[in-house]
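These figures come from a predicted structure and were not determined experimentally. Each chain gets a letter, A, B and so on, in the order the sequences are listed, and its residues count up from 1.
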2 protein chains.
Amino acid sequence: MARTKEFNEDQALDKAIEIFWHKGYNGTSAQDLVNHLGLSRSSLYDTFGDKQKLFVKSLKRYQKQNLDSLNELFENAENIKTALTEIFKQAVIESLQDRITKGCFMVNSAVELAMHDPEIAKIVHDNQKVVEDIFCNAVKKGQDLGQISDKQDARSLARFIFNNYSGIRVLARAGEKDKQVYDDILKSIFSLF
Amino acid sequence: MARTKEFNEDQALDKAIEIFWHKGYNGTSAQDLVNHLGLSRSSLYDTFGDKQKLFVKSLKRYQKQNLDSLNELFENAENIKTALTEIFKQAVIESLQDRITKGCFMVNSAVELAMHDPEIAKIVHDNQKVVEDIFCNAVKKGQDLGQISDKQDARSLARFIFNNYSGIRVLARAGEKDKQVYDDILKSIFSLF
DNA sequence: AAAAATACGGAACAATCGTTCCTGAATTGG
DNA sequence: CCAATTCAGGAACGATTGTTCCGTATTTTT
């Protein structure tokens, strides 16, 4: 009956993630989206509804991508402690590599929008819970295998890890480029395991 | 010669801090400022120049207030470790008390603006250095007094503390209201000292 | 070939943005 | 009193905001 879509919706969403991640919700204009997604205004609004809906869809997609890779990492990990250090080391690498760094899209969105948009607040809060659970299960497994000290209970440690991850992403977003700063933090974190 | 100002500039700045802190830079309109500061548009622009200048002045004032109280806390502290716990406990209390929580104005501004406004980036970065130094000196003093373990060097510990403080403020901004979450994080943090 | 559906560019929308300016009244120091 | 300055209020600015709509081209299915 009808003409097929010429663009790939997921690819467009990935583009939307990029620009929302970089500029934030309020900092991204409709024109920015048109320019960056390469879609016409009409296609954009026909496909995604409005700016807020597009943002929510972008954030959910970002969340899924991150959770998937996090789960995959722990599933394939032989040593949990090593896997945890890999996560942080990767965050540090990302923080240092570009001239500018975008931090974490979820953290940025939490700070900018969670107070003012209940839908975003729910996504952020759910994400926090899920990541916390992933960390918690990983820590438990690590403790069972004797790879992680069991002086701290797994839940506390998971929340602690999450907190430091957030902190590092803020540091990156703030433009910190001194590797020593990150390394000092990591040293302290992992002295606890 | 001239009529005296009817409003107190510092009080107006405190009002500006409140609303910028709550809504962010891009989320606060000129009309919001007029309504909340209780000044006319003309007085506002005559006094502070423009929105960005007002924001910078607000953020600097917020910074000074925080640094002053931080310095005062450590100067009067008999036990450094206790003082550090007080800082975090206070942050937790603030996070839980209001229905909505604003987090930390400096952290919020870092996430929203540091990438896009060099002037803000400099304030954020300077603040980070100063707070880090305050923590570092405090930790050193605590280690000398035998109140804090000297297994970690003071600089690392200071950066670690700063990182967790940022993380907690993000958590608060994200709307976390479960005291147990904060307590778990604090327990892990202070198991390191 | 006809009909249905979608893409596209761009015009156009009302609303809001940050900012400037004008007015007239109020208050101050000389 | 005079001159200078600041006040409040509101009109008005051009620019940009998010969004809608139109006309036309293109592609698909019947």
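- Whole-Å rounding puts the B/Asp50 CG to C/dG18 P distance at 11 Å.
- Expressed to the nearest 0.5 Å, how far CZ of A/Phe105 lies from CG of A/Asn127 amounts to 11.5 Å.
- Atom CG in B/Asp46 sits roughly 18 Å away from atom P in C/dG18 (whole-Å rounding).
- Rounding to whole angstrom units, OH of residue A/Tyr45 and P of C/dC8 are separated by 16 Å.
- B/Tyr25 has its OH atom 9 Å from the C1' atom of C/dG18, to the nearest Å.
- When distances are taken from the side chain of A/Ser29 to each of C/dT19, D/dA8, D/dT17, the shortest belongs to D/dT17.
- Rounded to whole Å, atom P of D/dT16 lies 17 Å from atom CG of A/Leu33.
- Nearest-nucleotide positions on DNA chain C place B/Lys51 closer to the 5' end than the other of B/Lys51 and B/Ser42.
- Atom-to-atom, NZ of A/Lys53 to P of D/dG18 comes out at 15 Å; the value is rounded to the nearest Å.
- Residues B/Ser40 and A/Thr28 both approach DNA chain D. Their nearest nucleotides, taken by heavy-atom distance, put B/Ser40 toward the 5′ side.
- Aromatic ring centres of B/His22 and B/His36 lie farther apart than the 6.0 Å criterion allows.
- A donor-acceptor distance shorter than 3.5 angstrom exists from the side chain of B/Lys51 to the backbone of B/Thr28, with no hydrogens or angles considered.
- Look at CG on A/Asp32: it is 12 Å from C1' on D/dG18, rounded to the nearest Å.
- Atom CZ of A/Arg41 is separated from atom C1' of C/dC8 by 13 Å (rounded to the nearest Å).
- Proximity of B/Ser43 to the phosphate of D/dT6: no side-chain N or O atom is located under 4.0 Å from OP1 or OP2.
- Formation of a donor-acceptor pair under 3.5 Å by the A/Glu112 side chain with backbone atoms of A/Asn26 is found in this model.
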